[in-house]
Amino acid sequence: MNRTAMRASQKDFENAMNQVKLLKKDPGNEVKLKLYSLYKQATEGPCNMPKPGVFDLINKAKWDAWNALGSLPKETARQNYVDLVSSLSSSLESSSQVEPGTDRKSTGYETLMVTSEDGITKIMLNRPTKKNALNVEMYHEIMHALKAASKDDSAITVLTGNGDYYSSGNDLTNFTDIPPGGVEEKAKNGAILLREFVGCFIDFPKPLIAVVNGPAVGISVTLLGLFDAVYASDRATFHTPFSHLGQSPEGCSSYTFPKIMSPAKATEMLVFGKKLTAGEACAQGLVTEVFPDSTFQKEVWTRLKAFAKLPPNAMRISKEIIRNREKEKLHAVNAEECSVLQGRWLSDECMNAVVNFLSRKSKL
Ligand SMILES: CCCCC/C=C/CC(=O)SCCNC(=O)CCNC(=O)[C@H](O)C(C)(C)COP(=O)(O)OP(=O)(O)OC[C@H]1O[C@@H](n2cnc3c(N)ncnc32)[C@H](O)[C@@H]1OP(=O)(O)O
């Protein structure tokens, strides 16, 4: 089991720095950049260096990584550094013990940091330089991590993001990798993957809590309707710009949002793409409670650790009785939303929106 501090002290941070020096294997350039950027953010705050020239490749990569952390608080950067080193040490140690043929993902993830401590399995989206956009690998890894968490000995499971974003939603470059069967096959495969992915959230048997550390976009917002509690930093925002992207709601939000916040408020979000602040999302019932960003991690993890001490079977059974009444309906909604989206992905409206983003002509 990985050992991870939920709130890293200066001592934990120093220990992690020493651990990095002791790593037996080179963790690779991408991880080294992450370590560098988190270290700088934790010790100096937001990026304060002038941007290096385009030909100064190494310093430019370092600057990009640090700058991508935006205004991430020092305390959070320190925590994320400790988490990263912890997951790194265990994945590099355990990878040497993996037997041939064993699933790599049972020990290490490319797009997530998964740790378990104090009765809590924490699944952290870990593509901070891409604002934790969900690429195809991340969809698969989250499903894998949820299935593993449903069977491990933790009492509750938490989803959160590394860096300044919770998640910017579906990675729009997912649309660029066209298989031999063309865009129709791409859309069909996407709908199958999405249905299976959302199904894992519908069926997840333990209390599932979102710790929304920063802005959330698209599918990372709609899924919140399937969580059992949602805690948000006051830096978080909630944005579902489906019409802007020529798309339609997913994650069962066409059913959960009107129930949670009233049909008219759901329409403002899902049809007109109104972005909510954390306070507004809380007033509308999508978020359970909002915390000041400066104390967010400390307060939330203290609370979660207390929840995780409650009798796990009682929590599981109580969740089951709440969720079971809705399960069949949720699966039917999921199937319908995926089928509608499959058609949307082939529309000019959607293709133009994706091309505009990828050619840097548009951003949310
Ligand atoms: C199996 C398929 C299932 C599909 C399910 C469908 C889901 C629907 C949705 O989720 S809709 C939501 C889609 N998301 C977006 O449209 C967000 C697009 N991103 C943005 O508008 C902006 O990046 C931003 C507002 C999130 C952040 O802007 P900011 O200026 O702060 O940062 P950058 O734009 O410079 O971002 C840093 C790098 O990250 C890349 N990136 C961010 N989000 C995405 C994304 N969703 N898809 C792909 N790439 C993303 C961005 O391009 C930058 O990359 P670069 O450093 O290489 O330039």
Side-chain angles (χ1 to χ4, degrees), residues 30 33 37 46-47 51 54 60-72 111 125-143 161-179 183 185-201 214-224 235-254 269-270 273 275 334 337-347 349-364:
E30 196 176 340
L33 275 177
S37 60
C47 183
K51 188 172 182 174
V54 278
K60 166 92 170 33
K62 286 171 143 182
W63 187 91
D64 284 342
W66 185 9
N67 192 48
L69 296 181
S71 57
L72 186 73
T111 66
L125 310 179
N126 192 28
R127 298 182 72 216
T129 57
K130 297 289 177 189
K131 310 291 180 193
N132 296 323
L134 280 86
N135 62 8
V136 170
E137 182 164 30
M138 198 189 268
Y139 284 107
H140 284 290
E141 290 195 341
I142 292 172
M143 288 194 282
N162 186 14
D164 62 340
Y165 261 63
Y166 175 66
S167 168
S168 62
N170 186 42
D171 189 316
L172 296 175
T173 65
N174 287 339
F175 289 103
T176 57
D177 175 23
I178 307 296
V183 285
E185 186 185 333
K186 178 84 199 165
K188 186 169 160 224
N189 293 344
I192 292 169
L193 174 58
L194 180 62
R195 185 170 170 185
E196 190 189 352
F197 177 74
V198 174
C200 288
F201 285 82
V217 183
I219 189 165
S220 72
V221 177
T222 56
L223 283 174
L224 296 175
R235 234 174 27 82
T237 51
F238 299 82
H239 194 190
T240 48
F242 299 128
S243 300
H244 300 70
L245 295 167
Q247 298 186 39
S248 51
E250 68 325 81
C252 293
S253 58
S254 63
M269 278 194 87
L270 299 176
K275 191 199 281 191
N334 182 25
E337 288 178 345
C338 293
S339 155
V340 172
L341 254 179
Q342 184 177 336
R344 283 279 86 213
W345 288 329
L346 298 172
S347 69
E349 288 178 344
C350 176
M351 288 188 191
N352 290 339
V354 172
V355 168
N356 281 342
F357 175 76
L358 296 177
S359 58
R360 308 284 182 242
K361 281 194 209 136
S362 75
K363 226 178 231 194
L364 292 176

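Note that ligands are numbered from 1 as they come in the structure, with each ligand's atoms numbered from 1 the same way. Both backbone and side-chain heavy atoms feed into the values below; hydrogens, waters and symmetry mates do not.
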>> Just to verify, what does Ser339 make a side chain to side chain contact (heavy atoms under 4.5 Å, CB included) with, not counting sequence neighbours?
In response: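 Here no residue qualifies.
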>> Asn67: which residues meet the side chain to side chain contact (heavy atoms under 4.5 Å, CB included) condition with it, sequence neighbours left out?
In response: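 Cys47, Trp63.
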>> Within a 6.0 Å radius of atom CZ on Arg195, are there more than 12 heavy atoms belonging to other residues, nucleotides or ligands?
In response: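 Result for CZ/Arg195: open.
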>> Going by the rule side chain to side chain donor-acceptor pair (under 3.5 Å), which residues pair with Gln342 if we only count those two or more places apart in sequence or in a different chain?
In response: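 Side chain to side chain donor-acceptor pair (under 3.5 Å) check on Gln342 returns nothing, list empty.
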> Side chains of Phe242 and Glu250: does their closest heavy-atom pair fall under 4.5 Å?
Replying inline: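 In short, these two side chains touch, coming nearer than 4.5 Å.
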> If you count only heavy atoms, which residues are under 4.0 Å from ligand 1?
Replying inline: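 Close residues (ligand 1, cut-off 4.0 Å): Thr129, Lys130, Lys131, Ala133, Tyr139, Tyr165, Ser168, Gly169, Asn170, Asp171, Leu172, Gly190, Leu193, Leu194, Val217, Gly218, Ile219, Phe242, Leu245, Gln247, Glu250, Trp345, Phe357, Arg360, Lys363, Leu364.
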> Would a distance-only check, ignoring hydrogens and angles, find a side-chain to backbone donor-acceptor pair under 3.5 Å from Asp164 to Ser71?
Replying inline: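 No: the side chain of Asp164 does not pair with the backbone of Ser71.
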